[in-house]
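Since the structure comes first, as structure tokens, the remarks are kept for the end.
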Amino acid sequence: MYKAPRGMSDILPPEQPLWKYVKEKAASVCDLYGYQPLNTPVIEDAGLFTHAVAGGTDIVDKEMYIFKDRGGQELALRPEGTAPVCRAYLEHGLFNLPQPVKLYYIGASFRYERPQAGRYRQHHQFGFEAIGDASPFLDAEIIEMAQRFLLSLGLRDFSIHLNSIGCRTCRPGYVSALKRYYASFEGELCPDCKARLERNPLRLLDCKKRHCQEIAEAAPRTTAFLCPDCLAHFESLQECLNILKTPFLLNHRLVRGLDYYTRTVFEVQPQEETSQGALGGGGRYDDLIEALGAKPTAGVGFAAGIERLISNLREQQVNVPPSPHITVFLASLGAEARKESLKLASVLRGAEIATMESAGNKSLKSQLKQANARGSSYTVILGEEEMKSRTAMLRDMKSGEQRLVPLSQVVATLRQTRALERGQSPGDT
RNA sequence: GUGAGUGUAGCCCAGUGGUUAAGGCGCCAGGUUGUGGCCCUGGAGAUCGUGGGUUCAAAUCCCAUCACUCACCCCA
């Protein structure tokens, strides 16, 4: 039998309400802040990621789905969302709009890696980006927005970690200081860290091994090496967050996986220390658009993993409000009633009443059982007796009460009850 | 890419060398000539992940392989 590809999964109907809930909250927070939706293709020119974005990081070096199409074009399944958004910003001349341009996206990302808890080959990200302005006020807006989004979902146990990793002026000084510091500990480092010392020194800071953590704790801090502009930016951002009353933790060991970050980096961590890592993260990427071959343009953004959000919603037992829908099930007995049921179903649907029909000639018992299993509010029973008198038996599935209604009155009666029930329990969505 | 654990029906799982692989959920039917949710009865549904080996005999032991899960690397 065929199975879904490794690390990729089907999202079955019972899970859909939760997905819908998260997507709706995402869209509504974006509306609130004036961020507009943008869809980009799942596939991009591979170069967008390999050259411009993050050469030297694992995510493009060894985790990218990359292939040639029939025309020989090198394409890639997108491993992240920011670069495609920047590509679209440039391709469509969005730099001609008033800056910054505020956009959001919800879509699949792909990484070729061994799946485990909270980590998949296909996962879904919700992200928002403000492009075209370097003000720290925007960093603050993005972070507050991320927080508001998570709170609106009902999540509580998370914290926002914040750091600044400087810019291309001040970071090289920091990196060499870091290397100098680590040189004296080289013998004590774990094998992974020894490799990191060469390949990606910043990553030394977030090693999980206890001894390496002790060394990292005492290491030089990025913030001590920031150039005056970066320092001013970072201080201004913190001031803004304090004004916004958005709590954050300064974490001098926070660095992020993508190379394009400059200055601000932040991550949302669940309170429970899990190995599956961050709920989401983001930062400023003032060099990215220049790397794509355009004039230098600042940007800042955030992205969250929907699967991880959902798993945290489940852990924190946040209950999703069920969509209050009233549905009707049509049960019929006999050939004539079956045809009448077909006709009635069409009329009900025409009246915007959600309706399901029994497919075959099953017993009434079986049909009611099905109506019950599908959670119908009402069952309309059409039998031989009803056919003779041109009536229908309307059964309230909750109370079990039923009454005989002229066939011509079925729609009107159901509409009435629906209006009544909606009035009694106003929807909260 | 590395390491560990696990593969028995749609789902949860019992069964550690010996008849026909047990149970629960779910599904279908009956108990009610046209009445769901509870209860009772019955039924369908499993090449025991796959291939090979050991043995008179393998779901059970061995080897390989695949898949899943968890962890590392890394990340959402």
Side-chain angles (χ1 to χ4, degrees), chain A residues 1-9 12 14 22 54 56-64 78-82 106-127 146 190-196 199-200 203 206-209 255-258 267-270 274-282 301-312 329 331-334 337 358 360-387 392-402 404:
Chain A
M1 277 298 285
Y2 290 113
K3 286 197 278 188
R6 177 168 218 192
M8 305 189 182
S9 46
L12 295 170
V22 171
T57 61
D58 281 1
I59 171 170
V60 299
D61 283 353
K62 52 181 214 193
E63 291 181 2
M64 213 156 66
R78 65 167 171 237
E80 57 99 37
T82 300
I106 299 175
S109 285
F110 301 85
R111 302 205 186 145
Y112 191 87
E113 60 190 340
R114 289 274 293 263
Q116 71 186 66
R119 181 188 287 172
Y120 311 99
R121 288 188 170 184
Q122 176 178 0
H123 73 283
H124 298 78
Q125 289 189 5
F126 158 50
C190 71
D192 285 329
C193 278
K194 280 177 186 163
R196 284 191 266 249
R199 207 157 299 158
N200 198 345
R203 292 237 80 92
D206 66 356
C207 182
K208 284 178 193 164
K209 302 261 185 338
V255 294
R256 303 225 63 232
L258 295 162
E267 224 168 64
V268 180
Q269 294 285 351
T274 54
S275 59
Q276 65 171 245
L279 277 171
F302 169 80
I306 297 181
E307 283 83 353
R308 287 187 182 178
L309 292 173
I310 286 175
S311 111
N312 275 265
F329 191 90
S332 55
L333 292 161
S358 167
N361 47 346
K362 293 189 169 184
S363 69
L364 182 59
K365 175 178 175 165
S366 162
Q367 294 185 63
L368 278 166
K369 209 172 161 183
Q370 196 185 349
N372 185 58
R374 292 184 186 278
S376 309
S377 325
Y378 291 92
T379 298
V380 175
I381 301 168
L382 301 168
E384 284 164 22
E385 288 169 29
E386 287 83 357
M387 287 304 93
M393 190 64 87
L394 192 57
R395 181 179 178 84
D396 181 328
M397 294 301 281
K398 209 165 186 179
S399 64
E401 288 164 16
Q402 51 186 43
L404 208 54

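Note: hydrogens, waters and symmetry copies are ignored here, and every other heavy atom, side chains too, is used. Please read these numbers as outputs of a predicted model, since none were measured by experiment. Within every chain, numbering begins at 1; the chains are lettered A, B, ... in the order of the sequence lines, protein sequences first and strands thereafter.
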Review point. For the side chain of Asn372(A) and the base of G37(B), is some donor closer than 3.5 Å to an acceptor across the two?
Key: no
**Study point:** C48(B) pairs with, by Watson-Crick or G-U criteria that keep both distances under 3.5 Å
**Key:** none
Check your understanding: For A14(B), what is the paired nucleotide under Watson-Crick or G-U wobble rules, both distances under 3.5 Å?
Key -> none
Exercise for review: Please give the nucleotide sitting opposite U41(B) as a Watson-Crick or G-U wobble pair, both distances under 3.5 Å, or none.
Suggested key: A29(B)
Practice item. Report yes or no: is there a donor-acceptor pair, N or O only, under 3.5 Å between the side chain of Arg114(A) and the base of G3(B)? Key: yes
Practice item. May I ask you to verify whether the side chain of Arg203(A) and the base of C75(B) hold a donor-acceptor pair under 3.5 Å? Key: no
Review point. When rounded to the nearest Å, what value does the distance between P atoms of A58(B) and G53(B) take?
Key: 12 Å
Practice item. May I ask you to decide whether Arg256(A) forms a salt bridge with Glu267(A), counting only side-chain N to carboxylate O separations under 4.0 Å? Key: yes
Check your understanding: Is there a Watson-Crick or G-U wobble partner for U54(B) with both distances under 3.5 Å, and which nucleotide is it?
Key -> none
Point to revise | Distance-only side-chain donor-acceptor flag, Gln367(A) / Ser358(A), under 3.5 Å | key: yes
Review point. Are the ring of His124(A) and the base ring of A76(B) both nearer than 5.5 Å at their centres and tilted by less than 30°?
Key: no
Study note, to complete from the structure: Of the candidates C70(B), U35(B), A29(B), the side chain of Ala117(A) sits closest to C70(B)
Review point. Between Gln370(A) (CD) and G26(B) (P), how many Å, whole number?
Key: 16 Å
Check your understanding: Any donor-acceptor pair under 3.5 Å joining the side chain of Lys365(A) to the base of G31(B)?
Key -> yes
Review point. Distance under 6.0 Å and angle within 45° of the ring axis: does Arg121(A) meet both against Tyr112(A)?
Key: yes
**Study point:** Watson-Crick or G-U counterpart of G7(B), or none if no pair lies under 3.5 Å
**Key:** C66(B)
Practice item. Please measure how far the C1' atom in A71(B) lies from the corresponding atom in C11(B), and state the result in whole Å. Key: 27 Å
Check your understanding: Given atom NZ of Lys398(A) and atom C1' of U35(B), what is their separation to the nearest angstrom?
Key -> 20 Å
Review point. Roughly how many Å is it from CZ in Arg6(A) to C1' in U65(B), rounded to a whole number?
Key: 14 Å
